[in-house]
Amino acid sequence: MDAITASRSTALLTDRYELTMLQAALRSGAAHRRSVFEVFTRRLPNGRRYGVMAGTGRVLDAVEAFRFTTPQLDWLADQRVVDEATLRYLADYRFTGDIHGYPEGEVYFPGSPLLRVEGSFAEAVILETLILSILNHDSAIAAAASRMTSAAGDRPCIEMGARRAHEQAAVAAARAAYIAGFGATSDLEAGFAYGIPTTGTAAHAFTLLHDSERDAFTAQIDSMGRGTTLLVDTYDLAEAVRTAVEVAGPGLGAVRIDSGDLTLLAHRVRRQLDELGATDTRIIVTSDLDEYAIAALAAAPVDGYGVGTSLVTGSGHPTCAMVYKLVARASGPDGELVPVAKRSAGGKSSLGGRKWAARRPDADGVAEAEVVGLGPVPAELAGHLLQVPLVTGGEVVGREPLAAARERHRRALAALPLSATQLSKGEPVIVTELPATAQAGLPVGV
């Protein structure tokens, strides 16, 4: 369990109706029926071509920490949220079921069965809000980060959004961004909890503190060495660059530009640095960047990007619209699983049945379809299944280092059609389809 979730219970990070449903199901006798819930999204954010699965590791930690403490139970009793029988059940709650899902870093599409939670109705239903809270947030950040790192190409991206988000959301955002290719974060808690490289030097306040810009640069060089990054746009940019090289010498590590026309200024600063002999000094740009601004700087002499607000808000799409739906349940206390599905107007229906998913490649190995089905897996798709075991019999089996998720995302993105990384608006880059083995009556495409 990671450093964030180990210290506290996650049991009340939920909606009240999860517990009131539990109470009613315990009274009716249906609470212990075997049930299957699935997480999926019906659509991607407008214009996006793929989604990115992130937060799975945090879900595993949160499920392990889903224990009701005595103070929590006392509060539930005092507030009359649930009755005594339900409180007794919650006091002994442990998830003993199975969870399968897309591993972190994998890409997904509308209708992809991203997470499957199997167990009794009682133990699975009360995980709904917590699971969706994590996956909707982290996957939104990862999708934005993936677009940004794709636009950046070989140039590194630094996550700098801690001051633009809730303090714990900022840590989760740094984690999700790292999975999708960001190289470092400014957030020390993210570095401590997840081993993400951290970076940072000085802000404008440090320059303003000193009597002159030269004094500020000298102090920073004396403290951090010549390889540091000097912020050069507090006063006059050209004068600051000249002073920076005079103080640090041609071995100055980098300069950072945080305002103005970044394309124009990057060209000017590169030319000036070269004329001063600082040909290896890098140029880092910040200032409200998003994937479009990064793409616009592709031809500029920029060596790295620092991204904050746009990243931690999902670049305009702070959630993925994921839902958690019951898709199968036992016909009785010991009965066989039967598919169930919501049928409603307005595009909010769901597909019943316990599903598998595979990504079918074309003859060149490029993904051409997300195949979702029920029952036996066709032989030709057996080697392309996407879901992996995450929890078996209540025990976590799918925990992995972030480096594995990061590498998985790189491979998954490389296997998509080239148009996946285009920033222009478009439909999902591959279709989601149901094979002939799917349950009769389900639509052919999602």
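Please read these numbers as outputs of a predicted model, since none were measured by experiment.
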Answer yes if the side chains of [X] and [Y] hold a donor-acceptor pair under 3.5 Å, and no otherwise.
| X | Y | result |
| --- | --- | --- |
| Asp15 | Thr129 | yes |
| Thr96 | Glu123 | yes |
| Glu159 | Thr185 | yes |
| His409 | Ser146 | yes |

Count the heavy atoms belonging to other residues, nucleotides or ligands that lie under 6.0 Å from CD of Glu336, then report whether that count exceeds 12. no

Apply salt bridge (charged side-chain N to carboxylate O under 4.0 Å, His left out) to Arg16 and Glu18, showing your working. CA-CA 5 Å; Arg16 178 172 174 142; Glu18 310 291 7; over 6 Å; no

Measure from NZ or CZ of Arg33 to the centre of the six-membered ring of Phe121, then state whether that distance is under 6.0 Å and the direction lies within 45° of the axis. no

Is it the case that Arg67 places NZ or CZ above or below the six-membered ring of Tyr93, under 6.0 angstrom from the centre and within 45 degrees of the axis? no

Checking Asp83 against Arg27 for the salt bridge (charged side-chain N to carboxylate O under 4.0 Å, His left out) test, could you report, in this order, the C-alpha distance in whole Å, the side-chain angles of both residues, the deciding distance, and whether it holds? CA-CA 10 Å; Asp83 60 20; Arg27 286 196 182 186; 3.1 Å; yes

Quick check for you: to the nearest 0.5 Å, what is the distance between Thr421 atom OG1 and Arg49 atom CZ? 9.0 Å

When rounded to the nearest 0.5 Å, the distance separating CE of Met53 from CD of Glu104 is 7.5 Å

Between Phe66 and Phe68, is the ring centre distance below 6.0 Å? yes

Output field: ring centroids Tyr108/Tyr50 closer than 6.0 Å: no

Atom pairs and distances, side-chain donor-acceptor, residues 289-301, under 3.5 Å, sequence neighbours left out:
from: Asp290; atom 1: OD1; to: Tyr292; atom 2: N; distance (Å): 3.1
from: Asp290; atom 1: OD1; to: Ala293; atom 2: N; distance (Å): 2.8
from: Glu291; atom 1: OE1; to: Ser315; atom 2: OG; distance (Å): 2.6
from: Glu291; atom 1: OE2; to: Arg147; atom 2: NE; distance (Å): 2.8
from: Glu291; atom 1: OE2; to: Arg147; atom 2: NH2; distance (Å): 3.1
from: Glu291; atom 1: OE2; to: Ser315; atom 2: OG; distance (Å): 3.3
from: Tyr292; atom 1: OH; to: Arg147; atom 2: NH2; distance (Å): 2.9

Option from Lys355, Arg354, His100 for which side-chain hydrogen bond (donor to acceptor under 3.5 Å, both in side chains) with Glu38 holds: Lys355

Enumerate donor-acceptor pairs with a distance under 3.5 Å from any side-chain N or O in residues 323-332 to protein atoms, sequence neighbours excluded.
from: Tyr324; atom 1: OH; to: Ala124; atom 2: O; distance (Å): 2.7

Of Val117, Ile131, Asn136, which meets side-chain contact (heavy atoms from CB on, under 4.5 Å) against Val39? Ile131

